[in-house]
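Notes follow the structure.
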Amino acid sequence: MAADLVLSLKNDPAEIARLAPLVDAFCARHGLAEATAAQFNLVLDEAITNIISYAYEDAGEHEISVRISLTRGALTAELVDDGREFDPLQVTPPDLAAPLAERSVGGLGVHLMRRLMDDISYRREGARNHLVLAKRIA
Amino acid sequence: MAADLVLSLKNDPAEIARLAPLVDAFCARHGLAEATAAQFNLVLDEAITNIISYAYEDAGEHEISVRISLTRGALTAELVDDGREFDPLQVTPPDLAAPLAERSVGGLGVHLMRRLMDDISYRREGARNHLVLAKRIA
Amino acid sequence: MELTTVKIGTVSVLDAAGRIDSVTAKSLEEKLLALIKEAPPALVVDFAKVDYISSAGLRALLVAAKQSKAAKCKFALCSLKAQVREVFDISGFGTIIAIHPDRASALAAAA
Amino acid sequence: MELTTVKIGTVSVLDAAGRIDSVTAKSLEEKLLALIKEAPPALVVDFAKVDYISSAGLRALLVAAKQSKAAKCKFALCSLKAQVREVFDISGFGTIIAIHPDRASALAAAA
Ligand SMILES: Nc1ncnc2c1ncn2[C@@H]1O[C@H](COP(=O)(O)OP(=O)(O)O)[C@@H](O)[C@H]1O
Ligand SMILES: Nc1ncnc2c1ncn2[C@@H]1O[C@H](COP(=O)(O)OP(=O)(O)O)[C@@H](O)[C@H]1O
C-alpha cells in the first residue's frame, strides 16, 4: 500500500512550520532517518518560501499544493503553484568562494535545494508551476 | 492548511488492516473521536472488501485509490476503482425483522455503510467508480 | 484474530480475539461449524478481546446461528465491546442471536 | 525562535533558540544589528538551542557579519547542532564566519 501525504497550503509563511511535523511523521512511519526528514523539510521550506515571496503578482490568497510520496526508492515532493512561470534550475549558482565583503546575501535557497536533493525537475502545465523534488533513499 | 491522506491499495483484502492505523492516526491528528475513526474504518472496510470481492472480471492486480480529507465539517473518503459499474445506493436494504431461519446471510455491508455515514454519493467517470463517503463532524 | 476453545461443563466456549474481518471470518466460521458438529448442548462465543467486526464476521456468526438451531445447540455471544455491539445493533442481530453482557450470564443461560 | 542577550565581560552573547526561518529571520537580523550598534569588541551567537535554520536565517547572519566587519566587531557563532552545521557547510559559510564548537572556545577567541 502506498500512502501519500497531500497538503494544501495558503501563501502564508507560517504554513511552513505547520507542514514540518507532518513530514517528520510521514518519514518516521516509513522508517526514514530523522536527518532525511530534516533535509527534506528544509528544501520544502526554501521552495515554498520562494513561491510565497516571488511568485505572485497580486496580494491575494493563493493555494500551494504539496504531495509527498515514497516510491521506487525515493522520497518525492511535488509542489504545484499558480504563480508566474519560474524554473529554479535556471538560477545561477552563488559564488561560495567569494570573500565576506563580496558575498551576495541571497541566492542560497535554490543552492540548498540542489545540494540536498538528488533530482529536481520543473515543468509548466497550463497556468501552474510543477516542481518535483526527489531524494533517493538508501 | 488542509492535509489529506491519499492511499493506493492493491486488490488484496490484507490491505484493509494496513489502512486502519493510518485512518486512526489521521483522525487523532484532527482531534476526532476514536469512535468516529472506528466507524469510518468499518465503512471503508465494507466498501473496499466489496470492490475486491465483486468488482473485477479478471484475477489480475488492480489499484484502488482512497483519498481521506476533512473539509467543511465532514470526514470524507473518496474511493476510486476500475471495476465494473456498481452503485451501492441501488442495493435493496436487507430485512432486519426476519426471523433467524429466513434471515439472509448477506447484504449487511452496504447496510452498515448507509447507517454509519451521513452522506454517500456515487458516480461513474470513464471506466471508474467514484464512491464518496462522508460523515459529519460535530 | 485468535481463537481458543474451552469446555465449561458440557458447554463449549470459544474465546475470540483481535479483528474479525473478511480475512479472518472464514476461519471463525469453520471453527464454529466444527464445534457445532460435536453437538454440545450450548456454544458461547466470548467477544471480550474482539476489537473489530465487519459484515464478513456477522455473516459467519449468522451461518453458525442457523446451523446451531438445526443442531439444537443453544448459540450465544457475550462480553461485546461498545463499538462491536454497535455493529450488531445496526445489523438487527439482537433479535436473532442471544447476546449476554458477560460470560457468567451467558453460562447461566446455557445451563 | 527566542533570543536572549547576555554580556560576558565586554563580549555580547546572543542565545538563539528554536527555528530560524523566513518568519523569524527578520527579528534575528534586527537584534544582531542593534547589538552591533552598541559597538562591543565581539559578538557571539550561541546556536546550542537552534533546531533549524533556512536560507532566510543565513541571510540575516551574513548581513550581520558584513556589518560587524565594517564596525570592527569580531563576529562568531558557536555550538551548532549537526543538522544546522550541515546547512552552513553547504552554503560555504565556514570560510567567511568564525564557527566555534562550543561557547568557551568562542569566548576565548573573542578575548
Ligand atoms: N517561485 C519563484 N518565482 C519567481 N522567482 C523566483 C522564485 N523562486 C526564486 N525566484 C528568484 O530566484 C532568486 C534566487 O532564489 P533563492 O536561491 O531562494 O535566493 P533568495 O530568495 O535568497 O534570493 C530569487 O531572488 C528570485 O529572484
Ligand atoms: N463493488 C461492487 N461491484 C459489484 N457488485 C457489488 C459491489 N459491492 C456490492 N456488490 C453487490 O451488492 C451485494 C450486497 O453487498 P453487501 O451489502 O456488501 O453484502 P454481501 O457482500 O454480504 O453480499 C453483493 O452481494 C454484490 O452482489
- Item | Under the side-chain contact (heavy atoms from CB on, under 4.5 Å) test, residues paired with A38(B) that sit two or more places apart |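 A38(B) satisfies side-chain contact (heavy atoms from CB on, under 4.5 Å) with no residue once adjacent residues are dropped.
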- Interface moiety of L22(A) toward chain B, non-hydrogen atoms closer than 4.5 Å: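 Side chain only.
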- Item | Interchain contact, L19(A) with chain B, by part (heavy-atom threshold 4.5 Å) |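 Both backbone and side chain.
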- chain A: which of I64(B), L7(B), V6(B) shares the most heavy-atom pairs with it under 4.5 Å?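 Highest number of pairs under 4.5 Å: V6(B).
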Inter-chain donor/acceptor N,O pairs below 3.5 Å: chain B to chain A:
| residue | atom | partner | partner atom | Å |
| --- | --- | --- | --- | --- |
| A2(B) | N | S8(A) | O | 3.0 |
| A2(B) | O | S8(A) | N | 2.8 |
| D4(B) | N | V6(A) | O | 2.6 |
| D4(B) | O | V6(A) | N | 3.0 |
| V6(B) | N | D4(A) | O | 3.1 |
| V6(B) | O | D4(A) | N | 2.5 |
| S8(B) | N | A2(A) | O | 2.7 |
| S8(B) | O | A2(A) | N | 3.0 |

